[in-house]
Enquirer: 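Right, I'll just put the structure down here and ask away after.
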Amino acid sequence: MGLKNKIKHHFHEVLRTKNSDHEIALGFAVGTFLEIFFLVPGLGLLISILVLLIYSRLSKYALLFALLFWNVLFIAPLYILSYHVGNLIFDVSPAVDLDASFPVHILSLSRRFLIGHLIVSSVFSILIYFIAKWIIKNYRSRLN
C-alpha cells in the first residue's frame with residue numbers, strides 16, 4: 001500500500017468515527033495549529049498529547065492526522081510566509097551590520113517572525129476548521 005493510499009485510508013477512518021463533525025474539524029484545526037506553530041520538530045506532538053489528555057472531546061484521530069498531514073514540505077513555505085506577514089506589521093529594518101547592536105537585530109527579526117507565525121498559524125487553523133467541517137459534512141451525507 002502506497003503512502004497516498006495509507007493517507008486516504010486513515011482519512012476515511014477519521015471520518016467514520018463516532019465523533020461529531022465539530023469535534024473532528026476542531027481536532028484537525030488544533031492539530032494544524034500545534035504542528036505549524038511549534039517550530040521544534042516533535043514539540044507539536046508532545047503538546048498535542050497534553051492537549052488530548054486535557055480535552056477528551058477532541059477527535060484524537062483527526063488531531064494526529066493533522067500532525068502527519070503538515071509535514072516539512074508544507075511547513076517550510078509557511079515559515080517564509082510568517083516572516084513576510086511579520087514584515088508587514090513591523091517596519092522593515094535595514095541590512096544587519098555586525099556590530100554591538102547585532103543582538104538587537106536578531107531580536108527584531110525573531111519578533112517579526114514569531115508574530116507573523118502566530119498570525120499565519122491562527123489563520124490557517126481557522127480556515128482548516130471550516131474546510132474540514134465542510135468536507136466531513138459532505139462525506140457523511142454521501143454515506144447516508
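Numbers for residues simply follow the sequence, beginning at 1.
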Enquirer: What closest approach, in Å, do L67 and G31 show between heavy atoms, and which atom pair accounts for it?
Expert: CD2-O, 3.7 Å
Enquirer: Before giving the answer on side-chain contact (heavy atoms from CB on, under 4.5 Å), spell out for L45 and L34 the whole-Å C-alpha distance, their side-chain angles and the decisive distance to 0.1 Å.
Expert: CA-CA 8 Å; L45 177 62; L34 294 174; over 6 Å; no
Enquirer: Just do the side-chain contact (heavy atoms from CB on, under 4.5 Å) check on I24 and F65 with the steps written out, would you?
Expert: CA-CA 10 Å; I24 295 172; F65 182 75; over 6 Å; no
Enquirer: Does I36 offer a backbone N or O that forms a donor-acceptor pair with the side chain of H117 under 3.5 Å?
Expert: yes
Enquirer: Answer with yes or no whether the hydrophobic clustering places F124 together with I131; edges join I, L, V, M, F, W, Y residues whose side-chain heavy atoms lie under 4.5 Å apart.
Expert: yes
Enquirer: F28 vs S59, test: side-chain contact (heavy atoms from CB on, under 4.5 Å). Steps then yes/no.
Expert: CA-CA 8 Å; F28 197 75; S59 171; over 6 Å; no
Enquirer: If I take atom CD1 from residue I89 and atom NE2 from residue H84, how far apart are they, to the nearest 0.5 angstrom?
Expert: 13.5 Å
Enquirer: Would L63 and L43 show up in the same hydrophobic cluster when neighbours are defined by side-chain heavy atoms closer than 4.5 Å?
Expert: yes
Enquirer: Short question: side chain of S121, backbone of L118 - any donor-acceptor pair under 3.5 Å?
Expert: no
Enquirer: V30 and side chain to side chain contact (heavy atoms under 4.5 Å, CB included): which single residue from I47, I128, V51 fits?
Expert: V51
Enquirer: Taking only residues two or more places apart in sequence or in another chain, which ones pass ring pair (Phe, Tyr, Trp, His ring centres under 6.0 Å) with H22?
Expert: Y129
Enquirer: Is there a path of hydrophobic side-chain contacts, each under 4.5 Å between heavy atoms, that joins L127 and V85?
Expert: yes
Enquirer: Taking all non-hydrogen atoms of both residues into account, name the closest pair between F38 and Y79 and its distance.
Expert: O-OH, 4.3 Å
Enquirer: Measure the spacing between OG of S82 and CG of N87 and express it to the nearest 0.5 Å.
Expert: 11.0 Å
Enquirer: Inspect the surroundings of CZ in F37 and state if more than 12 heavy atoms from other residues, nucleotides or ligands are less than 6.0 Å away.
Expert: yes
Enquirer: Do you reckon L52 sits in the same ILVMFWY cluster as I54, going by side-chain contacts under 4.5 Å, direct or chained?
Expert: yes
Enquirer: How far apart are the closest heavy atoms of D21 and K137, and which atoms are they?
Expert: OD2-CG, 3.1 Å
Enquirer: Which value, rounded to the nearest 0.5 Å, describes the distance between K60 atom NZ and S48 atom OG?
Expert: 12.5 Å
Enquirer: How would you list all residue pairs meeting side-chain hydrogen bond (donor to acceptor under 3.5 Å, both in side chains) that involve residues 30-45, not counting sequence neighbours?
Expert: T32-W70
